[in-house]
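One structure below.
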Amino acid sequence: MAVQKSRVTPSKRGMRRAHDALTAKQLATDPTTGETHLRHHVTADGYYRGKKVIDTKTTVADEE
């Protein structure tokens, strides 16, 4: 079992933990639909950067 050779100071421990904080997810708004979505991801309606890229089930149901 691994055992440390010397005690870790609070300063060193804090420096190690400095990068562990969670960051908020980056959200973007689609220019066409105004829908909020994750950056670099397709919206739920199938739009990416203002263009329709995927036909969704809701769109097919609306056309019928």
Side-chain angles (χ1 to χ4, degrees):
M1 185 173 179
V3 178
Q4 65 186 21
K5 197 168 192 178
S6 59
R7 182 177 178 164
V8 177
T9 64
S11 174
K12 287 292 186 182
R13 182 187 63 206
M15 285 188 244
R16 183 181 67 245
R17 293 178 181 175
H19 305 287
D20 292 346
L22 296 175
T23 57
K25 295 194 177 207
Q26 295 296 316
L27 298 177
T29 305
D30 187 67
T32 305
T33 61
E35 185 178 0
T36 304
H37 62 94
L38 289 174
R39 302 222 3 121
H40 302 102
H41 285 71
V42 178
T43 64
D45 293 338
Y47 284 87
Y48 183 73
R49 296 182 68 186
K51 297 178 183 175
K52 185 77 168 176
V53 292
I54 296 175
D55 289 329
T56 56
K57 292 181 181 180
T58 57
T59 306
V60 175
D62 292 340
E63 292 176 358
E64 292 178 353

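We use all heavy atoms of the structure for the numbers below, so side chains are in, but hydrogens, waters and symmetry mates are not.
The line from NZ of Lys51 to OG1 of Thr32 is 10.0 Å long, rounded to the nearest 0.5 Å. Atoms CZ and NZ, from Arg17 and Lys12 in turn, are 14.5 Å apart once rounded to the nearest 0.5 Å. Taking NE2 from His37 and OG1 from Thr29, the interatomic distance works out to 7.0 Å, rounded to the nearest 0.5 Å. Here CD1 of Ile54 is found 11.0 Å from CG of Asp45. Values are rounded to the nearest 0.5 Å. For the atom pair Thr33 OG1 and Lys52 NZ, the distance stands at 9.0 Å (nearest 0.5 Å).
By the side chain to side chain contact (heavy atoms under 4.5 Å, CB included) test, Val53 is found to be paired with Val42, Tyr48, residues two or more places apart in sequence or in another chain being considered.
Residues Arg13 and Val8 approach most closely at N-CG1, 3.9 Å, considering heavy atoms.
Heavy-atom contacts from other residues, nucleotides or ligands closer than 6.0 Å to CZ of Arg16 number more than 12.
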